[in-house]
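Bear in mind the structure is a predicted one, so any value in this text is a computation, not a measurement. Per chain, numbering begins at 1; letters A, B, ... match sequence-line order. All heavy atoms count here, side chains included; hydrogens, waters and symmetry mates do not.
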Amino acid sequence: MIADPRVFDDEFVPPDLLHRENEIEQLLRRFTTRHPAESDVLISGPSGVGKTVLARTAVDHLETQTDITRVFVDSLGKTTGRVLRATLEQLPRGPDDVAQTLPTQDVCREIREAITGETIVVLDEGDDLPQTNAVGELLAMANVTVVVIAHNGTDWLSQLDVTDGHRLDQGHLELDRYGVDELADILERRSRQGLHGEPVSRAQLEAIANEVAGVARYGIQSLRSAAVLARERGHRRIRDRDVDDAYEHARHRMRKLSLSSLPFHHQVLYAIVHETEELSASELHDRYDAVSEELYAGSTPQPVGERARRGKLSKLAEYDLIDYDGPTRDRLYWILDEDVEPKVELPEPVSSH
DNA sequence: ACTCCACAGGAAGGATTGGGCA
DNA sequence: TGCCCAATCCTTCCTGTGGAGT
């Protein structure tokens, strides 16, 4: 049923972006302003509403029209130096591989040298950038237009240096979730691009769009899941039952992918939380201490202390794998999808009775 | 009302890693 | 080779929070 799986990838850029015509126009107008300090942009909005794909579409369009260079950097978790090195590596005249130990100031100098004409640097996943100097350094460069993508624009701006913040505030573009009709249009287009023989009705697409509350990424993954389920169940067309189960199926798959991308410590903690319905911090740490000797025996990563564990638990929550609630002292942790099985097997718990 | 306790999460600093360079 | 630099990931220390005990 799925004719072209790439259509459902997060990275897929559709040939034409629906229902963002105004935003694209706004971006292009700003990019082509005559005042260099007025071309920078901050794109903000909730997860999965198409911030990245909007930036790509606008910048790609500009590239076909004018003689600009474009650079995309995923800034998630990156420090000043890493953001700037990634920028330098992607410049056409820059080196392919920049040493991690090259001093940041030298990286800036090399970026300036490698820039020939107008250049747009898109910093995706830029939520943590205010804690670095990367944005300031790039804004200070001649011929560089900075585009930052972040979740909460107002928060983001308030954390930034005042003059830099002002500059990006002028070009702040806030994206909202799609309406049900709009998202259904988008899904209809994806269905034509990625599925065989129009197997899904408008009403079904609207049901999907409604369930995911306008979050395009979830909608697209649900559509994919509906097609997968229909195929598994031997249906020639997607049935309402497939649509009903699609969102859960999609979330399950996204969580499985998230979990497998995480390193060993996270896997151990996930396995511990997975063991029981819910558990307190002290139970969690006790269990960790109990299993760590066997689990980490002879392996390169060593068990980590409680403070480091807390950081990893936040990460697991960020990845939508676990959740917690309650005031500090009585906080409980639990798994969000029991069916997402842990990748490490824990030693048998010793029964206390 | 006060103190105690268990825990969260920020800040600072240390150990380690690894490429560049004399 | 040994030193430098920066990054990374951890620990230690610390402050804040809110329920429980007195």
Notebook entry, point to check: Linking Ile, Leu, Val, Met, Phe, Trp and Tyr by side-chain heavy atoms under 4.5 Å, what else ends up with A:Ile68?
Noted result: A:Val13, A:Leu17, A:Ile24, A:Leu27, A:Leu28, A:Phe31, A:Val41, A:Ile43, A:Val49, A:Val53, A:Leu54, A:Val59, A:Leu62, A:Phe72, A:Ile120, A:Val122, A:Val147, A:Ile149, A:Leu173, A:Leu175
Check: Taking any atom under 4.0 angstrom from a heavy atom of chain A, which nucleotides of DNA chain C are the first and last to qualify, 5' to 3'?
Finding: C:dC5 to C:dG19
Item checked: Bend angle of the helix from B:dA1-C:dT22 to B:dA22-C:dT1, from helix axes over five pairs at each end, nearest 10° -> 20°
Next item on the list: Give A:Ser280 one of three labels, base, sugar-phosphate or nothing, depending on what nucleic acid heavy atoms sit under 4.0 Å from its own.
Entry: nothing
Next item on the list: Not counting sequence neighbours, which residues clear side-chain contact (heavy atoms from CB on, under 4.5 Å) with A:Ile2? List them please.
Entry: A:Pro5, A:Phe8, A:Leu195, A:Arg224, A:Ala227, A:Val228
Next item on the list: Tell me what A:Arg307 touches on the nucleic acid: a base, only sugar-phosphate, or nothing, going by heavy atoms under 4.0 Å.
Entry: base
Checklist line | Nearest atoms (heavy-atom pairs only) where A:Pro15 meets A:Gln193 | finding: CD-NE2, 3.4 Å
Next item on the list: Determine whether more than 12 heavy atoms belonging to other residues, nucleotides or ligands lie under 6.0 Å from atom OH of A:Tyr333.
Entry: yes
Check: Donor-acceptor pair, A:Ser191 side chain versus A:Leu187 backbone, under 3.5 Å?
Finding: no
Next item on the list: Using the ring of A:Phe12 (Phe, Tyr or Trp, six-membered ring only), decide whether A:Arg190 places NZ or CZ under 6.0 Å from its centre and within 45 degrees of its axis.
Entry: no
Next item on the list: Would you grab the first and last nucleotide of DNA chain B (5' to 3') that comes under 4.0 Å of any non-hydrogen atom in chain A?
Entry: B:dC5 to B:dG20
Notebook entry, point to check: Touch check for A:Arg85, heavy atoms < 4.0 angstrom, all strands: base, sugar-phosphate only, or nothing?
Noted result: sugar-phosphate
Check: Hey, what's the ring geometry for A:Tyr296 with A:Tyr288, parallel, tilted or perpendicular (30° and 60° as the breaks)?
Finding: tilted
Checklist line | Steps toward side chain to side chain contact (heavy atoms under 4.5 Å, CB included) verdict (A:Leu316, A:Leu269) | finding: CA-CA 9 Å; A:Leu316 287 169; A:Leu269 287 163; 4.1 Å; yes
Next item on the list: Can you sort out the partners of A:Ser314 under side-chain contact (heavy atoms from CB on, under 4.5 Å), two or more places apart, ordered by chain and number?
Entry: A:Tyr324
Check: Does A:Arg30 use its side chain to pair, donor to acceptor, with the backbone of A:Asp40 at less than 3.5 Å?
Finding: yes
